[in-house]
*Asks:* 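Before I ask anything, let me first share the structure, which is written out below as structure tokens.
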Amino acid sequence: MKRHGTVYESFAYMNYDHTKIEKKWQELWSRNKVYTTPDSVPGKDNFYLLVEFPYPSGNLHVGHWYSFAVPDILARFTRMSGKNVLYPIGFDAFGLPAENAAIKNNLNPRDWTEKNIAFMTKQIESMGTMFDWSREVKTIDPAYYKWTQWQFLQFYKKGLAYQKETSVNWCPKDKTVLANEQVIDGKCDRCGSDVVQRQMLQWNIKITDYADRLLEDLEPLDWPREIKEAQKNWIGRSEGAEIDFPLNLPQKYKFVILHGFKSAPDRPRWLWAKARLEEMGHEVILPTLPNPDSPTEKEWVGTALAATTYDENTVLVGHSLGAVTALKVLEKLERPIARLVTVGGFISKNFKDNPRPFEKTFSWTFDGEKIRSSVRSITVLHDPRDHAVSDAQAKELSDLLQTPVTVGTSNEPHFTGDTEPDVVMWLRPTIRVFTTRPDTLFGATYLVLSPEHPWVTAALRHTNVLKNTDEVADYVKQAGKKTELERLADQKEKTGVRLEGVDAVNPATGEKIPVYVADYVIATYGTGAIMAVPAHDKRDSDFARTFNIPTVQVVEPVFRRSDGGDAWRENESSKPRTAVMCIVKHWTNDEYLCIRWKDFAQIRTFVSGGIESGEDAVAAGLREIREETGFEHAKFVRHVASGRTQFYHQVKKTNIDAHFEYVYFELTDDAKVAVTEEESSHLEVVWTKRDEVQNFLTIAEKDYVWESFTKGQSFNAENGTLIHSGSYDGMTVAEAKQKMTEAFGRTKKTYKLRDWIVSRQRYWGVPIPVIHCKTCGTTPVPENELPVLLPDVDDYLPSGEGKSPLAKVGSFVNVKCPACGGDAERETDTLDTFVDSSWYFLRYTDAQNASAFAAKDKQDNWMPVDMYSGGAEHTTMHLLYSRFWHKALYDMGLVSEPEPYAHRVNHGLVLGPDGQKMSKSKGNVIDPDEIVERLGADTVRMYLAFMGPYTGGASYPWNPNGVVGVRRFLERVAKAQELVQDAEVPALNFELHKSIKKIGGDISAFKFNTAISQFMILLNTIEKEKGIGKAQWATLVTMLAPFAPHLAEELWSLQGGSNSVHLKTWPIYDEKYLVESTVTVAIQVNGKMRGEVNVPADADKSAVESAAREVVAARLEGQEVIRVVVVPGRLVNFVLKAE
RNA sequence: GCCGGGAUGGCGGAAUUGGUAGACGCGCACGACUCAAAAUCGUGUAUCGCAAGGUGUGAGGGUUCGAGUCCCUCUCCCGGCACCA
């Protein structure tokens, strides 16, 4: 590889030797504890500048310099400006690379990591930053991860951490589970292998509980817009409605209804429900459960079991205590039944009102797994008005059955009315969909279920539900095999299979609609099922076309003409009108009949006119064509679309609010009847070629009409009113959304954000501190036994089963249950490293604390972080996770602020000299150690700051010549010492004070590049003046300190400065030096630069004008000046009269 | 497709937020020093033109005395999300 070193090698330093001074000062600073930050200093405000702590990969690269050394300028400047600045550093030291290195080279990951930390610490020290190493944090330190574990347990106790059989991204090569964020284009972001889906029991963190707050608290944050937008997008909240579509199945079921406490089968509601179900052809069995006033589990379950046989056509319904009985029945069944419906059910005894006698005669433990395996589909119906069963009880039941709670509307609380239609409705199977467009419900002409939808899964377990079970099973299987990448690649061609033998009912129209399974619907979003509205959704339209499903337009866009004579007149009344607009094709040519209106020259339309009573759109269209143009033989081809246009009718002198049908006709020949005198005097027929029509027409709706015609479809439905929607016709979209949601569903928010899977089947991470006991279940490790230390292991290969290497360590795994003392097993998964980094910034505030992760009063010295600087790649992962983590800690009262970071900036990458991302394979990697050795740390720091603006995530190529240029500048600074004299050089004061002002301002705004350029301008001025006063020089050296800390310190001491320059305060500029006595004013004529003139700064406008007038007198000769614009201190503009 | 950001000399980038476009640095050219080269110093460097004078901030239109900056339409580039209902 050719080294870029030639440029650096050829550089010879003359005025200072960086190798001597940098080492010297670094050691002195360290010895004198110049950068140790006290928790607080009387009279000073605290300022917390945070940079993302590095992973100890082994070597520092230029990116680290960019991340740490450039913000160091801000840290130092802020400190010099009188604040107590915390600028800490540490290592995010758990993670996969150590483990991979261990496996590859047969090393201990801890040794590998510690060695890297030691080496990188030395490298970081060479930067000359003001990091306070006394607060260093290492995530692998047991004193640190003790608190990671402790916090995890607090999350667990709050129900924020839970285990769930989760479909996870599985990397077959790394043998580990990957977060969604770690899957890039269907491949593992570490090794590039194809990721497959696999079901595994995983620890999840309920970040979704915080989705709303993460979104809403983002708004007031003073963060760059792009970061806020990216997080918003990632959370992906959409607001809409859930709507239930009942299914019609040919299948007849046997309903077994178990009544509740103090009830009986002959209550009106059961007789009524029985009748309804029998009407549908189902069989209903209503056993009388013994001693309803003092029931026992044994008697009830026994009676229920004896009442009938239970098979795959059985639907078991349990009301109240009957629901408890039903669960017990299911625990005893050998063959699964079709369905379980619990109505007002519960599994614990904490009733809202009062205790009940059966609390002692029923057992309150349930085998959820057994119950779930005994039934193919489950509905948990709960009444929020229930007087006895609380929402929390419903939730417990729902958790046990792993089925969401269905909220029902009761006639009497607890579903005890004489009739309970909701109960019967829920006895029929239904499909729940999520939609953001409930207003288009009347246009829903089919349903689509995702291949993984529970109803599909359940239906496939039977052989008699679907007529095409095999076909559906095959499709579901194929879809499951596809990775997300493949599904995406197949996007163009929508596939799916109709569920034969099943219909859904559109709850709005009452019509039967078909049900499909298709992989364009994804299981994990919304309810995993959609109502498809092909008229207003591209995807549904594509699918509908393939499967020949009808399309019903239910929203028509509204066009209001806004310019020209027919513009809608706000204050005039309007008349409704039904009209037709005719797209008429020529009998042979691909030309279309357009009209130019003679009276209103600017208006060009299609043939159009009102539909009269007794006419339909086609008849009206034919009539209008004949009347307006005379053509007799037009053939109706198809209806194109509907739309609404609002305009002012210039003849009728009123606003018209017209509902238009756009209809396509073709002329068959040129036969014509005579057109009345009146018509022909008003209009002229213009045949227009296909691609010119859109330009020719002047009407507001032209694009919509023409695109609907040519492309077959226009989905325009955002701003419009409803049609074909019964009593909702004419409503706006917003109105209809609200009304239809009320009538047919309920409002619902959905998020793209999913729960955070934190368990990793890996060795090199924080052990999850829980113990699994057969008797007590999952039990947290007692806090006084923390930390759960990561044991040494013999080999680091994950077990082939996807378990962590820790599973192979018997002494680690086999423990006694902390609750019952029995034999138990330790959890062997470790935590995602994003957990480690979700709270490290808190630890910096109290890094040595052994009794808490950070004392609250110590946190309060610094939190929230004033400025967090880091890479753009962390926008949606680390930044979102740590915001969430902090909010959860906040809710537990463990931190004082809901948001951890007051400000955030993202920086970009340093690219290779070729403008490409640095990579070993491209051979364009810049080794910072080499450059530091040749040119010095000060040069590297300053060059990185000078490349371009730091914030905004922009990336810059490394320019070897540019680096030398910066060193050249530092050489000149060092050389300028020779110019120092006792006497002040007054000519420098203007530039010096301007620099104090600008450099300070620019640093605060992260505009280091322009700050440095001002420094260069100042130096140029000094060289021109060939002298600088001693005090002026001291000011300059002070300003140099944040940028080039070593050279500044050296120059400071050479000049006899006391102590360290880094303990000095930033100079204060004096306004008086910034006032110039004369200013140069630009002179323009008609806005063009024509000269300039020097005038006294305090000259009044007329003086400036006359001075300017003299300069450009020749140009003004013989011209009439109609206006003079004078901008004081800037310019004079003479405006001449146009010729 | 959706969201966000951007487009200025040979290059990285400035431009007081509507007021002299190209600061500063790199590169390049010429000159000084040197036997020579490097380093250093000096001068120049948007572009067309000998000049006077034109023309120029992705393209086209608009607002304005005046537009890199504001508005509309379009093109391209970068980042994020993506069959999200």
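Bear in mind that the values here come from a model prediction, so they are computed numbers and not experimental data. Just so it is clear: chains get the letters A, B, ... in the order the sequence lines come, proteins before strands, and each one is counted from 1.
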*Asks:* Output all residues satisfying side-chain contact (heavy atoms from CB on, under 4.5 Å) with A:V1121, sequence neighbours left out; order by chain, then residue number.
*Replies:*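 Counting only residues at least two positions away or on another chain, A:V1121 forms a side-chain contact (heavy atoms from CB on, under 4.5 Å) with A:R1109, A:L1116, A:V1124, A:F1134, A:L1136.
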
*Asks:* State which residues pass side-chain contact (heavy atoms from CB on, under 4.5 Å) with A:K994; sequence neighbours excluded, sorted by chain then number.
*Replies:*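 A:K994: side-chain contact (heavy atoms from CB on, under 4.5 Å) contacts with A:F990, A:E991, A:Q1014, A:L1074.
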
*Asks:* Consider the side chain of A:D519, meaning its heavy atoms from C-beta on, and name the nucleotide among B:rC83, B:rG66, B:rG27 that approaches it most closely.
*Replies:*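 Selected nucleotide (nearest to the side chain): B:rC83.
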
*Asks:* Could you pull out all residues at least two apart from A:P1128 that satisfy side-chain contact (heavy atoms from CB on, under 4.5 Å)?
*Replies:*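 With sequence neighbours excluded, A:P1128 shows a side-chain contact (heavy atoms from CB on, under 4.5 Å) to A:K1101, given in chain and number order.
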
*Asks:* Distances under 3.5 Å between protein N/O atoms and the N/O atoms of nucleotides 20-23 of chain B, please, pair by pair.
*Replies:*
from, atom 1, to, atom 2, distance (Å)
B:rU20, O2, A:E1092, OE1, 3.1
B:rU20, N3, A:E1092, OE1, 3.3

*Asks:* Whether A:N961 contacts B:rG27 is assessed here as follows: a side-chain N or O lying under 4.0 Å from the phosphate OP1 or OP2. Is that the case?
*Replies:*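 For A:N961, the contact criterion (side-chain N or O under 4.0 Å from OP1 or OP2 of B:rG27) is met.
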
*Asks:* Check nucleotides 3-6 of chain B for protein N or O atoms closer than 3.5 Å to its own N or O atoms and list the pairs.
*Replies:*
from, atom 1, to, atom 2, distance (Å)
B:rC3, O2', A:E229, OE1, 3.3
B:rG5, OP1, A:R225, NE, 3.0
B:rG5, OP1, A:R225, NH2, 3.0

*Asks:* Using the ring of A:Y16 (Phe, Tyr or Trp, six-membered ring only), decide whether A:R967 places NZ or CZ under 6.0 Å from its centre and within 45 degrees of its axis.
*Replies:*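 Yes, a cation-pi geometry.
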
*Asks:* Which residues satisfy the salt bridge (charged side-chain N to carboxylate O under 4.0 Å, His left out) test with A:E1071, sequence neighbours excluded?
*Replies:*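 Partners of A:E1071 under the salt bridge (charged side-chain N to carboxylate O under 4.0 Å, His left out) test: none.
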
*Asks:* For a quick test of reading the model: is some side-chain N or O of A:R968 closer than 4.0 Å to OP1 or OP2 of B:rU40?
*Replies:*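 Yes, because at least one side-chain N or O of A:R968 sits under 4.0 Å from OP1 or OP2 of B:rU40.
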
*Asks:* What distance, rounded to whole Å, do you find between the two C1' atoms, one in B:rU40 and one in B:rC78?
*Replies:*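 Rounded to whole Å, the distance is 41 Å.
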
*Asks:* What residues, two or more places apart in sequence or in another chain, satisfy salt bridge (charged side-chain N to carboxylate O under 4.0 Å, His left out) together with A:E239?
*Replies:*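 Salt bridge (charged side-chain N to carboxylate O under 4.0 Å, His left out) check on A:E239 returns A:R237.
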
*Asks:* Return the set of residues passing salt bridge (charged side-chain N to carboxylate O under 4.0 Å, His left out) with A:K749 (not counting sequence neighbours), or none when no residue passes.
*Replies:*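 Only A:D212 meet the salt bridge (charged side-chain N to carboxylate O under 4.0 Å, His left out) criterion with A:K749.
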
*Asks:* Please measure how far the C1' atom in B:rC83 lies from the corresponding atom in B:rA7, and state the result in whole Å.
*Replies:*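 To the nearest whole Å, 32 Å.
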
*Asks:* Please name all residues satisfying side-chain contact (heavy atoms from CB on, under 4.5 Å) with A:E1110, sequence neighbours left out, ordered by chain then number.
*Replies:*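 A:E1110 satisfies side-chain contact (heavy atoms from CB on, under 4.5 Å) with no other residue.
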
*Asks:* Look at A:R1115 and B:rG53 and indicate whether a side-chain polar atom (N or O) is within less than 4.0 Å of OP1 or OP2.
*Replies:*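 It does, given that an N or O in the side chain of A:R1115 lies less than 4.0 Å from OP1 or OP2 of B:rG53.
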
